[in-house]
Amino acid sequence: MPRDHPQSAAPPHSGAGAPGRRPDAAASAPGSAETPFLELLARGASADAYEQPVLLARAEGLPAERIAALQQAKALALRVRAELEGRRRREAELSALFETAHDLAGLRDLDAVLQAIVQRARSLLGTDVAYLSLNDPARGDTYMRVTEGSVAARFQQLRLGMGEGLGGLVAQTARPYVTDDYFRDDRFRHTRSIDTGVQDEGLVAIVGVPLMLGHHVIGVLFAADRRARVFEREQIALLGSFAALAAAAIDTANLLAETRSALAGLERANEIIRDRSAVIERASDVHDRLAELVLRGGGTHDVAAAVSEVLDGTVEFTEAAAAPAGALESSRAEGHAVRHRDDWIAAVTAGGELLGALVLRGHPGLDPVDQRTLERAAMVTSLLLLARRSAAEAEHRVRGELLDDLLDARDPRLLRDRAARLRADLDATHAVLAARLEGGGAGDADQEADARRRLWAAASHLAATRQGLAAARDGGAVLLLPLAPGDTATELARRTARDLGTAVHEPVTVGASAPVGHLTARSDTVASAYAEARRCLEALRLLGRPGDGSAAEDFGFLGLLLAGERDIEGFVDRTIGQVVAYDERRGTELLRTLDAYFACGMSPARTKDELHVHVNTVAQRLERVGRLLGEDWQSPARALEIQLALRLHRLSAVTARPARH
């Protein structure tokens with residue numbers, strides 16, 4: 001959105017833009033500049049179509065102000081279009097994960113499931129090509145099982161010797177590998193046959209993740225682009241989740257093949273099937289239930305409850321720190337549920353990251369199929385946690401972008417709808433808070449960056465739970481939080497410092513602005529409040545109060561220097577307001593006595609001469625002042641504030657006095 005001349009856009013309630021009008025007609029009419037672009041958004045037009053209203057306006061010789069308004073409306077419409085496309089893309093990605101889990105739960109055709117996994121992996125990562133290779137133990141090499149997006153026949157029929165190419169490196173190390181430029185990467189062994197196939201396909205950037213069954217690599221899942229590209233960590237982790245689904249599908253198919261072989265080769269197959277039918281039925285039941293949970297967005301406790309009912313036991317999801325460390329590490333390394341005393345532990349992992357564990361309590365004799373059921377439940381739990389994390393990160397990013405736009409003095413009236421979707425009321429009274437870590441350690445750059453990420457994550461979570469906004473800025477975090485009735489900016493700053501410090505396990509200093517009541521009044525309202533909050537933050541650090549929170553109102557007369565707008569009346573009221581009120585109620589002269597007392601060097605004897613009263617009268621008045629202002633009112637710091645407040649009070653009385661004619 002352009003920052004210059006935001007007022008040039010026509011108001012959205014103007015008369016143009018009636019249904020049925022063409023964008024060219026709306027451009028030439030004196031109505032709203034946004035109308036033609038809203039019509040383009042409504043019919044899902046291409047990005048090129050958004051140039052037409054501006055071109056028509058220029059061709060018709062409309063005023064420069066009208067063309068500028070159309071340009072501004074076009075930029076906003078393109079941004080909205082990009083936001084809508086991003087949301088549709090994220091919905092498609094989550095849908096691909098859910099559909100894949102559903103396919104696996106009702107596995108019938110292994111080739112169809114693997115093809116769906118590769119197709120969805122390509123769609124999820126937005127790559128040109130995705131493919132899956134499997135190891136052939138009989139021939140001692142690896143072959144292409146499924147490809148998606150490939151156009152070269154030689155590439156689709158490629159067979160690789162063990163240890164050759166990027167896939168060989170993944171298979172050897174059982175770890176994901178990424179190359180930004182395949183032909184310039186010397187970490188793996190290039191061969192003519194592999195390089196020729198890759199060259200025919202035109203691939204440049206490739207990422208490969210292993211398909212694991214226990215300790216063994218059975219194949220590799222790849223995603224590749226025909227241009228240089230850097231794959232993000234989250235994308236690699238999600239590709240790893242698809243690889244786990246593919247391995248599970250292959251494992252399930254192998255189990256079915258083994259079962260069919262047993263039926264054909266053993267006379268007692270019918271008896272074995274009868275004995276195992278109840279277990280297999282339970283496994284099918286739990287697969288269906290887990291698929292339903294994934295599709296309707298269930299939580300980890302829903303998965304545990306479903307598996308508990310099927311396995312006739314108590315299954316709980318626990319954090320990694322609460323599970324037995326040895327058993328959890330064994331389950332993570334082996335990829336299977338392991339027994340721990342009378343319990344079974346199944347690690348919940350995603351792309352090598354340990355997310356927690358499913359624990360089956362008091363069930364030492366577990367059937368192998370039920371063991372696999374517990375392992376499948378752990379895998380589904382990891383998918384749910386990843387989906388929830390992706391949704392939370394997306395919301396945090398959107399909240400941060402909205403606050404960045406407010407801080408960058410974008411027109412807040414245009415941001416009102418975005419704030420409403422995030423349950424943030426821009427019309428409520430808010431305070432802007434600047435937060436910074438105060439860790440004393442001299443860690444390296446990675447540790448410092450990690451600490452800042454933890455602070456931003458804690459601030460984002462705090463803002464989301466309080467209908468506010470948060471963003472990372474200036475090496476710390478900035479929050480926009482609503483003020484509850486009766487709450488003060490200082491109290492909010494102290495609570496925020498305490499909550500953030502508890503979340504990141506380090507002291508966090510927080511400075512707050514004065515309450516801001518009308519965020520939409522001016523475009524620089526939030527930016528000015530943030531500058532005031534940062535001044536309070538720096539004042540706290542200079543005063544030796546790290547890990548504390550405060551606002552300008554908490555600094556006495558220094559608050560007049562820290563505040564964005566000088567609250568002189570508030571300072572006078574906080575400092576000598578009780579004395580002023582006492583004089584007004586009683587008709588006394590405590591203020592006049594205070595003025596004379598300070599003017600006479602705080603000497604009661606000289607004060608009584610100045611006021612022409614008895615010294616006892618001066619003593620009685622000063623005693624009354626002490627009762628109103630507190631016993632420490634004559635300390636150097638308090639005396640300085642009181643004298644400043646007396647002068648400001650006199651000045652305000654003079655300026656308020658009507659002029660004589």
Side-chain angles (χ1 to χ4, degrees), residues 1-91 126 227 397-422 424-427 469 471 516 518-531:
M1 181 190 308
R3 300 186 183 181
D4 297 331
H5 309 296
Q7 68 274 16
S8 61
H13 56 271
S14 56
R21 297 188 61 180
R22 297 185 297 107
D24 52 346
S28 60
S32 171
E34 291 86 353
T35 300
F37 301 106
L38 290 175
E39 293 175 355
L40 292 172
L41 284 171
R43 71 168 187 256
S46 66
D48 296 336
Y50 289 74
E51 293 291 341
Q52 184 181 9
V54 179
L55 295 176
L56 288 173
R58 288 174 175 164
E60 294 174 7
L62 294 183
E65 293 82 0
R66 179 64 174 179
I67 294 175
L70 287 170
Q71 287 279 20
Q72 185 177 17
K74 180 194 75 173
L76 178 60
L78 288 173
R79 185 169 179 179
V80 171
R81 181 179 180 274
E83 177 72 18
L84 293 173
E85 289 182 349
R87 290 184 177 229
R88 284 193 291 267
R89 184 170 58 254
R90 287 191 291 272
E91 291 172 357
R227 63 188 185 283
R397 284 195 299 271
V398 172
R399 287 179 177 274
E401 290 169 359
L402 176 58
L403 182 52
D404 281 333
D405 287 344
L406 288 169
L407 289 168
D408 292 338
R410 304 292 177 87
D411 188 345
R413 292 171 297 179
L414 302 179
L415 305 176
R416 186 186 297 273
D417 291 341
R418 287 170 55 193
R421 288 195 295 271
L422 296 172
D425 183 6
L426 297 185
D427 294 327
L469 304 173
V516 183
H518 301 286
L519 298 181
T520 59
R522 300 196 316 267
S523 60
D524 63 344
T525 299
V526 178
S528 299
Y530 175 55

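Given the structure is predicted, the values throughout are model-derived calculations rather than measurements.
- Closest of all the heavy-atom pairs between V516 and A529 is CG2-CB, 3.8 Å.
- The CG atom of L41 sits 11.0 Å away from the CD atom of E34 when rounded to the nearest 0.5 Å.
- Atom CD of E51 is separated from atom CG of L78 by 7.5 Å, given to the nearest 0.5 angstrom.
- When all heavy atoms of Y50 and F37 are compared, the pair lying nearest together is O-CE2, 3.2 Å.
- Judged by distance alone, the side chain of R81 and the main-chain N or O of A45 form a donor-acceptor pair under 3.5 Å.
- Minimum heavy-atom separation, L62 to I67: O-CD1, 3.6 Å.
- To the nearest 0.5 angstrom, L70 atom CG is 10.5 Å from L55 atom CG.
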